[in-house]
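Report on one structure; see the data block that follows.
Each chain gets a letter, A, B and so on, in the order its sequence line appears, and its residues count up from 1.
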2 protein chains.
Amino acid sequence: MARPTMEDVAARAGVSRALVSLVMRGSPKVSDQRRAAVLEAAGELGYSPHAMARSLASRTSHVLGVMVSDLHNAFFAEVVDGLDAVAREQGFELIINTGGRSPARERKALESLLSFRPAGLALLSPVVPSAAIKSAADQTSVVLVARSSRLSTVDTVNDDGGRGIGLAVDHLVSLGHRRIAHLDGGEGTQAAPRRRGYLTAMAAHGLEPRVMSSEYTDAAGAKAVRELLGRSGMPTAIVSCNDFNAVGAISALEDAGYRVPQDISVVGYDNTSLAALRHVSLTTVDQPRNEFGRLAAEALLQRVRGERAEPVRHLLHPSLVVRGTTAPPTTSPR
Amino acid sequence: MARPTMEDVAARAGVSRALVSLVMRGSPKVSDQRRAAVLEAAGELGYSPHAMARSLASRTSHVLGVMVSDLHNAFFAEVVDGLDAVAREQGFELIINTGGRSPARERKALESLLSFRPAGLALLSPVVPSAAIKSAADQTSVVLVARSSRLSTVDTVNDDGGRGIGLAVDHLVSLGHRRIAHLDGGEGTQAAPRRRGYLTAMAAHGLEPRVMSSEYTDAAGAKAVRELLGRSGMPTAIVSCNDFNAVGAISALEDAGYRVPQDISVVGYDNTSLAALRHVSLTTVDQPRNEFGRLAAEALLQRVRGERAEPVRHLLHPSLVVRGTTAPPTTSPR
DNA sequence: CTACAGCATTGGAGCGCTCCAACAATAGTG
DNA sequence: CACTATTGTTGGAGCGCTCCAATGCTGTAG
């Protein structure tokens, strides 16, 4: 279990510890002969550098901390992929932690990440108060993904939720729909800009908006639809706040005898793997998740390298993915 | 950005650095008066211990490394939750890494986790060759989740896939089904024990088995069903290798005019969040994922504390979750 | 043959912490 | 009252590494 140290490698290769250090860091000022000897000794002993000792001695870290608010959400998996790709390519490691969407747990997770003195910290949709983020930003570089902030010391990467919903509304209008309802995300992250985007888009088309209050779950989507069914003036299309909500809505519509998309069109948001299932085949709005991660990593690394001090605010363009749950409205145009 | 050190706290509190260390580690042999002074100074400076320096000096680590083969799979999220809960409770931190189901990337991920000299390593469904696992096990304690191994130095936590499929078959038989087909998982992880479980269960009931070769995706499930449709002797029930496959199968069945569960029953495996959607409502087999994580963490910590040297092999019992895709067969019992 | 680059190599200090032996101060024993 | 325990506190060594100033070495110019 005891791993060899640099000293062991040095002794075996017949050189000094400092020389081994130079070889391990790929310094050019080492003779080929000694380099070969060191690498051979290292190979024989199965030596690999001790990351913690290295970072302690160099007073620099090659670690980026990532706090994922919810590991269960596949959304974050792709963001992490993007982060991972860029970090790895630049010689940084990721250490990931999870907060489980609870402010208290998230705070602990943050604390624990900071105790590793990471070069930077990426917080994916954190729920901690702004003050906690500020205090983290005093200690290391911080980038926020899927959460906005006015703090001048942190970078942010978000999608333009308003624009995304706008795409959905435009699509429906171009198919001929005029009575388009929105099932909103209540207090959920990004629900507000999506709702505003809906209202703006409807106004732009001179249409009457209709917002049903809902949430980011399939049960909530079904409930909102049942409320809609109980009232007059059934819409011909629904724009949900996310994919789960949309699937719940579809389910309730089918239970009530509506066919999707023949009788009513439904659009989701997020383009989760669920939406892509042929059984579901949901028209939805895609966020460039991988790009979120890449940009977040790049923002962090720019700060780490001291290339930039002013905050950067990325606002990415979502795109519409048309599948099988949208179609022109049938008959009765009014 | 520069964080205070123990020395700073000691100076401010008017004590020695060693005393601050004792306070930080919660030692009982510190007078209340000094303890208070130290904690106050630490609070004022916003001090928190440097995890890396600590682990370097103590030659012990409070870090457990976790390699997740695929972050996109929600299965692992719950395993990580279980690991996290137990680790946190015992004062350990998790550092997570991902291998993206590629042996080469996974190997690098392993290397990078090892460079932190973690107290233990949990590998979730790794795809690297056994030799790589053995070499990791030479350096630290290792537990494998959702992958078996004969290595005497590693612990394993798995579900009894054969038994899980057996539960599904028993359920269908008790409903009155006799023509039950299995869509298998091909080369996928755990596909073999599930297939064997199917054959065993069918034999136990004196029924004729029928295995359609398939894969762990919804497209593959649909394809297998279309092949089934082209032949004679349509089964009255299908046991899929996983939930995605089952959803694809249902979709193809409905396209062909079959109603589920009236005309044909379908059972999945894994109890993913997909299965729980009311729109899907899939009868499926649940694996105790959180329990996987808890047991893995406990196995690791036992080894870390030197309480056990012999390997432990956990084989957990899956359970059946009955939802809306199974029902007694209609008429024509033959 | 000395002087001086230029280069590869090295010992030592130190990163922030833990651990240990040693210590002072107080309490308990005969 | 000297003596040993007991309790609380401390300086110093050292974890595995990086960094720096200093070293030895070769080669070339004066």
Legend entry - Atom-to-atom span, CZ of B:Arg34 to P of D:dT10 - whole angstrom: 5 Å

Inset, instruction - With the side chain of A:Met6 defined as its heavy atoms from C-beta on, choose the nearest nucleotide among D:dC17, C:dT10, C:dC17. - result: D:dC17

Legend entry - Below 4.0 Å: OP1/OP2 of D:dT18 and any side-chain N or O of A:Ser21: yes

Inset, instruction - Could you tell me the separation between the OH atom of A:Tyr47 and the P atom of D:dG16, rounded to a whole number of Å? - result: 10 Å

Legend entry - Polar side chain donor-acceptor pair, B:Arg313 to B:Ser148, under 3.5 angstrom: no

Legend entry - Distance in angstrom units between A:Leu19 CG and D:dC17 P, rounded: 15 Å

Legend entry - First encountered from the 5' end of DNA chain C, between A:Leu22 and B:Leu56: A:Leu22

Inset, instruction - Please tell me which of the listed nucleotides, C:dG16, C:dT18, D:dG8, lies nearest to the side chain of B:Arg25? - result: C:dT18

Inset, instruction - Ignoring hydrogens and angles, state whether a donor on the side chain of A:Arg25 or A:Ser21 is under 3.5 Å from an acceptor on the partner side chain. - result: yes

Inset, instruction - Check the distance between D:dA13's C1' and B:Arg59's CZ and give it to me in whole angstrom. - result: 10 Å

Inset, instruction - Would you tell me whether A:Gln190 and A:Asn158 have side-chain atoms, one donor and one acceptor, within less than 3.5 Å of each other? - result: yes

Inset, instruction - From the options D:dG8, C:dC17, D:dT18, select the nucleotide whose nearest atom is closest to the side chain of B:Ser31. - result: D:dG8

Inset, instruction - Give A:Arg17 one of three labels, base, sugar-phosphate or nothing, depending on what nucleic acid heavy atoms sit under 4.0 Å from its own. - result: base

Inset, instruction - Measure from the side chain of A:Val30, starting at C-beta and using heavy atoms only, and say which of C:dT9, D:dT10, D:dT18 lies closest. - result: C:dT9

Inset, instruction - Answer yes or no: are there more than 12 heavy-atom neighbours, outside A:Gln33 itself, under 6.0 Å from its atom CD? - result: no

Inset, instruction - Round to the nearest Å and state the distance from B:His50 atom NE2 to C:dC15 atom P. - result: 12 Å

Inset, instruction - Round to the nearest Å and state the distance from B:Phe116 atom CZ to D:dG16 atom P. - result: 17 Å

Inset, instruction - May I ask you to verify if any side-chain N or O of B:Thr5 is less than 4.0 angstrom from the OP1 or OP2 atom of C:dG16? - result: no

Legend entry - Whole angstrom value for the distance that separates P of D:dT18 from CE of B:Met52: 13 Å

Legend entry - Closest listed nucleotide, where the reference is the side chain of B:Lys29 and the choices are D:dG8, C:dT10, D:dT10: D:dG8

Legend entry - Contact under 4.0 Å: B:Ser58 side-chain N or O vs C:dT18 OP1/OP2: no

Legend entry - Separation of atom CZ in B:Arg35 from atom P in D:dT9, rounded to whole Å: 9 Å

Inset, instruction - Would you please say whether a donor-acceptor pair under 3.5 Å links the side chains of A:Asp84 and B:Thr98? - result: no

